[in-house]
Amino acid sequence: MIETHGLTKSFGPHRALDDVTVTFPAGAVTALLGLNGAGKTTLLRLIAGLDRPDGGAVTVSGRTPFGDPHLVGAHLGPDALDPRHTVARHLRWLAALAGVDDGRVAQVLEETGLSAQRCNRIGGLSLGARQRLAIAGALLCRPQALLFDEPLNGLDVPGIVWFRGLLRQLADTGCVVVVATHLLAEVVLSADRVILLEAGQPRLDGALADVIPAGADSRDWLESTLLDCVACA
């Protein structure tokens with residue numbers, strides 16, 4: 001379980017997160033929604049232990065994260081990948097840093113469909129393949145919690161279907177799974193819960209079946225709610 005208590009974070013005069021207290025349960029996929037600038041990536045980075053909050057606290061399975069990839073696996077996009085490295089070299093480097101056996105590299109290459117591209121340089125990969133590689137890095141240590149920030153950008157239809165199945169598999173094994181995305185159709189198909197951030201504060205927090213009114217089309221209702229955030233901005 002991931003718990004945040006009174007979490008705040010500012011960048012200069014901008015308050016990115018403002019007293020955020022939320023829970024992400026184990027064994028469930030939670031969709032993290034919000035407009036650009038709502039605080040989604042900031043929240044994920046604080047949970048991963050990559051940044052420190054100005055106030056409040058984060059715990060993952062009762063522990064404070066300090067960037068431990070065995071506790072939290074974070075996919076924050078493919079932009080940080082070194083284009084000069086090959087696919088396998090990148091994962092072997094991550095494995096060495098985390099003290100993970102090289103055999104796990106072959107496993108995540110297979111899990112993410114990258115075995116045939118293991119010797120390819122990252123700079124020559126498609127966006128979809130780089131997304132898969134970033135996902136592979138998050139999976140490498142078999143962490144207790146997985147965070148994904150816009151993981152579907154660049155994935156083709158088979159890739160989206162594969163990722164949807166991956167989320168369910170991870171949740172079914174008891175992982176905490178959090179996915180920040182703008183693709184509301186995938187939220188409806190994949191998520192058990194939803195948290196909607198507006199201006200750094202939770203506006204919605206609960207099971208998808210509970211927050212959406214009875215009889216409403218789930219995607220249309222979520223879209224309408226996000227558009228309300230635009231009107232209030």
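In this chain, numbering begins with 1 at the start of the sequence shown.
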Could you check whether any side-chain heavy atom of [X] comes within less than 4.5 Å of a side-chain heavy atom of [Y], counting everything from C-beta outward?
X	Y	value
Leu139	Gln107	no
Glu186	Val179	no
Arg203	Asp228	yes
Ile212	Val194	no
Asp205	Arg193	yes
Val60	Asp68	no
Pro25	Thr30	yes

Donor-acceptor pair, distance only, cut-off 3.5 Å: does the side chain of [X] make one with the backbone of [Y]?
X	Y	result
Thr225	Trp221	yes
Lys40	Leu33	no
Thr21	Gly6	yes
Asp51	Leu46	no
Gln131	Asn153	yes
Arg132	Thr112	yes
Asp54	Ser10	yes

Kindly indicate, with the supporting measurements, whether the criterion side chain to side chain contact (heavy atoms under 4.5 Å, CB included) is fulfilled by His182 and Asn36. CA-CA 9 Å; His182 292 293; Asn36 291 338; 3.1 Å; yes
When you group the ILVMFWY residues by side-chain heavy-atom contacts below 4.5 Å and let the links chain together, are [Y] and [X] in the same group?
X	Y	result
Val72	Val20	yes
Leu76	Phe148	no
Val178	Leu43	yes
Val29	Trp162	yes
Leu189	Ile160	no

Tell me if the CZ atom of Arg89 is crowded by more than 12 foreign heavy atoms within 6.0 Å. no
Steps toward side chain to side chain contact (heavy atoms under 4.5 Å, CB included) verdict (Arg45, Leu147): CA-CA 9 Å; Arg45 289 185 63 85; Leu147 313 177; over 6 Å; no
OG (Ser224) and CZ (Arg219) are apart, to the nearest 0.5 Å, by 13.5 Å
Taking NZ, NE, NH1 and NH2 as the nitrogens, is one of them in Asp82 or Arg121 under 4.0 Å from a carboxylate oxygen of the other? no
Determine, for Glu111 against Arg104, whether the closest basic-nitrogen to carboxylate-oxygen distance falls under 4.0 angstrom. yes
What pair of heavy atoms forms the shortest contact from [X] to [Y], and how long is it?
X	Y	value
Pro202	Val22	CG-CG1, 3.7 Å
Ala26	Val176	CA-CG2, 3.7 Å
Leu127	Pro78	CD1-CG, 3.8 Å
Arg168	Ser190	NH1-O, 3.6 Å
Val105	Ala95	CG2-CB, 4.0 Å
Gly77	Ala134	O-CB, 4.0 Å

If we check side chain to side chain contact (heavy atoms under 4.5 Å, CB included) with Val108, which of these qualifies: Leu94, Leu114, Leu91? Leu91
Where does the angle between the aromatic ring planes of Trp93 and His85 fall among parallel (under 30°), tilted (30 to 60°) and perpendicular (over 60°)? perpendicular
